[in-house]
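To start, the structure under review is shown below, and the notes come after it.
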Amino acid sequence: MRVRMAPSPTGPLHIGTARTSLYNYLTARHEGGTYVLRIEDTDTARSTVDFERDIIDNLHWLGISWDEGPQVAGGDDVGAHGPYRQSQRLERYREESARLLESGAAYHCWCTPEELEAVRKEQEARKEAPRYNRRCLNLSDEERAAFAAEGRPSVIRFRVEAEPIRFDDLVRGEVEFDNALLGDFVIVRNDGMPLYHFVVVVDDEAMEITHVIRGEDHLSNTPKHIALIRALGYHEPRFGHIPLILNADRSKMSKRKSQTSMTAYREEGYLPEAMVNFLAFLGWSPGTEEEVFTLDELEDRFELSKVHKGGAIFDRDRLDHLNGVYIRALSDEQLALRLRGWVPDAVRDDDLLHLVPLIKERLVKLGDAPSLIGFVWEPDEVVASWYSPELLHPKKGGPPEARAALEGALRVLGELDDADFSADVLEQRCREAADDLAMKAGDFFTPIRVAITGRTVSPPLFASLEMLGRDRSLARVADAIEKLAEVAA
RNA sequence: GCCCCCAUCGUCUAGAGGCCUAGGACGCCACCCUUUCAAGGUGGAGAUCAGGGGUUCGAAUCCCCUUGGGGGCACCA
């Protein structure tokens, strides 16, 4: 079995492309097949090497690897079926279109876009299917020669036979189309660049692809491909059309309505293993109630035959949940390592490691870390700017209660030396202080929490104090008291 | 407009004729734990299986129709 993914570098890696790539990858691995990456860059106007890099890097990031094709953006090919970039295969396409021309399966067409548009309008007015009227197929030799002599550029059209096309789709079963409804479509543009439907067929043959697994949006294009395959005398691969990933309104997932670029999710701090797990379950399930799977396990369990037919909405809540599951499953050391990019360089590795237990179970995405523990490395003024004096008030209480708690804290913290400034001791002393003041523990802690972290929601208070250290903690409590006073004045 | 595909809680899904008075997960709501928030635990609301016809002793599961949704019909991929 040989399968492939064929992204077009006309944009960053799309969630849908990633999922299709994943399904291909899993199928190849599960069946012991070969996986090929082909870059479909015939749209020279929109393709860039930067997009190619985004696609390849993100695929690697997800843990998807391939046996043939470029491994690095702009890099050399690996594999015996290259080149793997369509822009480097132009000669082959030219030869194959020449064969089609010669056999009469394709013909030159000189119609201008304006002429085509006029015909289309007429057909619409008559409620006919809009398709090419074959004017150029029926040209006399003299007319043809005249156009050619004129030097007018021409496209090459494939002559579609009026016949039913039937195939057994790997996920949908028997599907039948009537090619009599199809018009003769263009396979080579008038500037000589071959078009998608044509190159995809040429390449799949050249790369000996046996199973074409792609999005359902290609289902109705398949009869075109099969017609082309037959005209060229190629081997017909099996086709499998997987369901689409949908926007919240059930339309095909799009940039307009959803965040579709993998890079964006990566930058928010989703883990690749969570993304893979999530994507795999959008349209597939093992048929059991298990739902947390590593890539390895997916390779083992994935079966194309269990892929669904209906589309699935991309549900961020579910992704978030899974991401949390994977984050919590990481060791402190592993999580600290992953967090490195989200935390300032000034924060030392061993400090970061100590911070990890404070946030591990409240992290949804890695990118949430700064808002949770930023108070540790941000300067006092910055943290103070995060809150207004009213936030210092305990739930049931106002400025007097806040002041009492903060002054109590100032005294308690001041009594401890650096060696005793640990979460355990801190908690014990603060509880005693709360008792002395006849305050509920929670009411006593709230003003301190806000003074220290700048927020009403934070990691556990005493561990936070310990991380901050005696001097900075005292300074922040003092700042808070001052802030309270300013309002009173 | 034409062609094709699809249809189980809000969402992802289990379900391949009797195990289904439809199960799980996310989300939501309560309660417990608790210094906040999470995490965790317990419980709950939530689907007449889109609707209607068949087939069958028996249908979420098979067939047909309707409805709804989606995709495709480019000198984009």
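Here is how names work: the chains are called A, B, and so on, in the same order as the sequence lines, proteins then strands, and each is numbered from 1. Predicted model, so just to flag it, every value in this text is computed and none were measured.
- When the nucleotides B:rA77, B:rC6, B:rG71 are ranked by their closest atom to the side chain of A:S220, B:rG71 comes out on top.
- Remark: the separation of the P atoms in B:rC4 and B:rG17 is 28 Å, to the nearest Å.
- Remark: the separation of the C1' atoms in B:rC62 and B:rA16 is 11 Å, to the nearest Å.
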**Asked** Can you give one letter per nucleotide of nucleotides 33-42 of chain B, 5' to 3': B if a protein heavy atom sits under 4.0 Å from the base, S if only from the sugar-phosphate, - if neither?
**Response** --BBBBSS--
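- Closest to the side chain of A:R46, from the set B:rA14, B:rC76, B:rG71, is B:rC76.
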Give the table of side-chain donor-acceptor pairs shorter than 3.5 Å for residues 273-288 of chain A, with sequence neighbours excluded, one pair per line with atom names and distance.
unit_1	atom_1	unit_2	atom_2	d
A:E273	OE1	A:R338	NH1	3.1
A:E273	OE2	A:R338	NH1	3.3
A:E273	OE2	A:R338	NH2	2.6
A:N277	OD1	A:F293	N	2.7
A:N277	OD1	A:Y326	OH	2.5
A:N277	ND2	A:E291	O	3.2
A:W284	NE1	A:E303	O	3.4
A:S285	OG	A:G287	N	3.1
A:T288	OG1	A:E290	N	3.2
A:T288	OG1	A:E290	OE1	2.7

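- A:F177 comes within contact range of the sugar-phosphate backbone alone, with a heavy-atom separation under 4.0 Å but no base atom that close.
- A:S254 is linked by a side chain to side chain donor-acceptor pair (under 3.5 Å) to A:N247, counting only residues two or more places apart in sequence or in another chain.
- A donor-acceptor contact under 3.5 Å links the side chain of A:R318 to the base of B:rA25.
- Checked against B:rG27, B:rA77, B:rC4, the side chain of A:L219 finds its nearest nucleotide in B:rC4.
- In the set B:rC76, B:rG69, B:rC2, B:rG69 carries the atom at the smallest distance from any side-chain atom of A:R250.
- Residues from residues 222-231 of chain A with heavy atoms under 4.0 angstrom of RNA chain B: there are none.
- The A:P130 side chain lies nearest to B:rG1 when the options are B:rC4, B:rC76, B:rG1.
- Here B:rG24 is the nucleotide among B:rG27, B:rU11, B:rG24 with the atom lying nearest to any side-chain atom of A:E289.
- When each of B:rC75, B:rA25, B:rA77 is scored by its nearest atom to the side-chain atoms of A:P113, the top-ranked nucleotide is B:rC75.
- Not a single donor-acceptor pair, N or O on each side, falls under 3.5 Å between the base of B:rC3 and the side chain of A:D178.
- In terms of heavy atoms, A:P70 sits closest to A:I56 at O-CD1, 4.1 Å.
- Both distances falling under 3.5 Å, in either a Watson-Crick or a G-U wobble arrangement, place B:rA7 opposite B:rU67.
- The phosphate of B:rA14 (OP1 or OP2) has a side-chain N or O of A:H308 nearer than 4.0 angstrom.
- Residue A:L282 places its side chain closer to B:rC12 than to any other of B:rA77, B:rC12, B:rC5.
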Without placing hydrogens or testing angles, list every side-chain donor-acceptor pair under 3.5 Å for residues 5-18 of chain A, not counting sequence neighbours.
unit_1	atom_1	unit_2	atom_2	d
A:S8	OG	A:E40	O	3.0
A:H14	ND1	A:G16	N	2.8

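- Ring geometry for A:Y265 versus A:F314: interplanar angle of 30 to 60°, hence tilted.
- For A:K306 and B:rU13, the shortest distance from a side-chain N or O to OP1 or OP2 is not below 4.0 Å.
- Using P as the reference atom, B:rC29 and B:rA7 are 32 Å apart when rounded to the nearest Å.
- Residue A:R470 qualifies as enclosed at atom CZ: its count of foreign heavy atoms under 6.0 Å is above 12.
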For residues 353-361 of chain A, dump all side-chain donor-acceptor pairs below 3.5 Å to protein atoms at least two apart in sequence or in another chain.
unit_1	atom_1	unit_2	atom_2	d
A:K360	NZ	A:L330	O	2.8
A:K360	NZ	A:D332	OD1	2.9

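- When ring centroids are compared, A:F198 and A:F185 stay outside the 6.0 Å threshold.
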